[in-house]
Amino acid sequence: MKIAVTYDGGQIFQHFGHTEQFKIYDVAEGAIVCSSVVDTKGSGHGALAGFLKDSGVDVLICGGIGGGAQAALAQAGIKLLGGVSGDADSAVRDYLSGKLEYNPDVQCNHHGHGERSCGHHDGEEHSCGGHNCGN
């Protein structure tokens with residue numbers, strides 16, 4: 001299994017469509033075997049789902065993510081765990097141990113004029129690419 005995390009300096013980057021790097025973890029028998037940081041090569045919202053699919057990713061952990069990107073990930077067969085913040089390595093370990101807190105209804109809309117919402121868990125607010133998106 002491969003798990004990808006939107007990545008910036010050890011932390012989960014908070015806006016999927018603007019991530020410049022993913023940290024991809026190879027997992028076997030419930031343990032991380034190896035990991036590497038990969039550059040997205042400037043891919044945008046729609047291309048990132050294809051990038052992850054081509055990389056063999058099964059699960060994505062991220063902060064905020066819009067509906068179009070969510071649909072593209074679903075079509076690619078990639079499980080989405082959004083609304084997560086903090087240390088990337090810790091998030092993957094928490095996922096593998098069944099302890100990762102995420103928001104299954106995460107949304108991020110920075111392109112419209114309406115209220116910006118990225119979702120949150122346990123009352124914690126998250127930030128997406130410089131926008132305050134906490135509910």
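Values below: all heavy atoms of this structure, side chains included; hydrogens, waters and symmetry mates excluded. Every value quoted in this text rests on a predicted model; they were computed, and no experiment measured them.
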Between L80 and C62, which heavy-atom pair has the shortest distance, and what is it?
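Taking every non-hydrogen atom into account, CD1-SG, 3.7 Å.
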Heavy-atom pair with the smallest gap, counting every atom of Y95 and K79
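Shortest heavy-atom contact: OH-NZ, 4.0 Å.
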Do the side chain of E101 and the main chain of K99 share a donor and acceptor less than 3.5 angstrom apart?
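Not confirmed, E101 side chain does not pair with K99 backbone.
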Between Q11 (side chain) and T6 (backbone), is there a donor-acceptor pair under 3.5 Å?
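Here the side-chain-to-backbone pair does not exist.
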To the nearest 0.5 Å, what is the distance between [atom1] ([X]) and [atom2] ([Y])?
| X | Y | atom1 | atom2 | result |
| --- | --- | --- | --- | --- |
| Y102 | I61 | OH | CD1 | 10.5 Å |
| M1 | I32 | CE | CD1 | 9.5 Å |
| D58 | K2 | CG | NZ | 9.0 Å |
| D39 | Q21 | CG | CD | 6.0 Å |

I'd like to check the side chain to side chain contact (heavy atoms under 4.5 Å, CB included) partners of A76; sequence neighbours left out, ordered by chain and number.
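Result, side chain to side chain contact (heavy atoms under 4.5 Å, CB included) vs A76: K53, I78.
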Could you tell me whether the side chain of [Y] reaches within less than 4.5 Å of the side chain of [X], counting heavy atoms only?
| X | Y | value |
| --- | --- | --- |
| Q70 | F16 | no |
| D8 | H15 | no |
| I65 | L73 | yes |

For F22 and V37, what are the C-alpha separation, side-chain angles and deciding distance, and is it a side chain to side chain contact (heavy atoms under 4.5 Å, CB included)?
CA-CA 6 Å; F22 288 104; V37 177; over 6 Å; no
Pair S55, I24 - check side chain to side chain contact (heavy atoms under 4.5 Å, CB included), show working.
CA-CA 9 Å; S55 298; I24 299 179; 4.1 Å; yes
Answer with yes or no whether the hydrophobic clustering places L100 together with Y7; edges join I, L, V, M, F, W, Y residues whose side-chain heavy atoms lie under 4.5 Å apart.
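Cluster IDs for L100 and Y7 differ.
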Verify side chain to side chain contact (heavy atoms under 4.5 Å, CB included) between H18 and F13, making sure each step is shown before the conclusion.
CA-CA 9 Å; H18 292 277; F13 186 70; 4.0 Å; yes
Pair I3-L96, side chain to side chain contact (heavy atoms under 4.5 Å, CB included): steps then yes or no:
CA-CA 10 Å; I3 301 170; L96 293 173; 4.0 Å; yes
Side chains of residues 86-93: which donor-acceptor partners sit under 3.5 Å, not counting sequence neighbours?
unit_1, atom_1, unit_2, atom_2, d
D87, OD2, D89, N, 3.3
D87, OD2, S90, N, 2.8
D87, OD2, S90, OG, 3.0
D89, OD1, K23, NZ, 2.9
D89, OD1, Y25, OH, 2.6
S90, OG, R93, NH2, 3.2

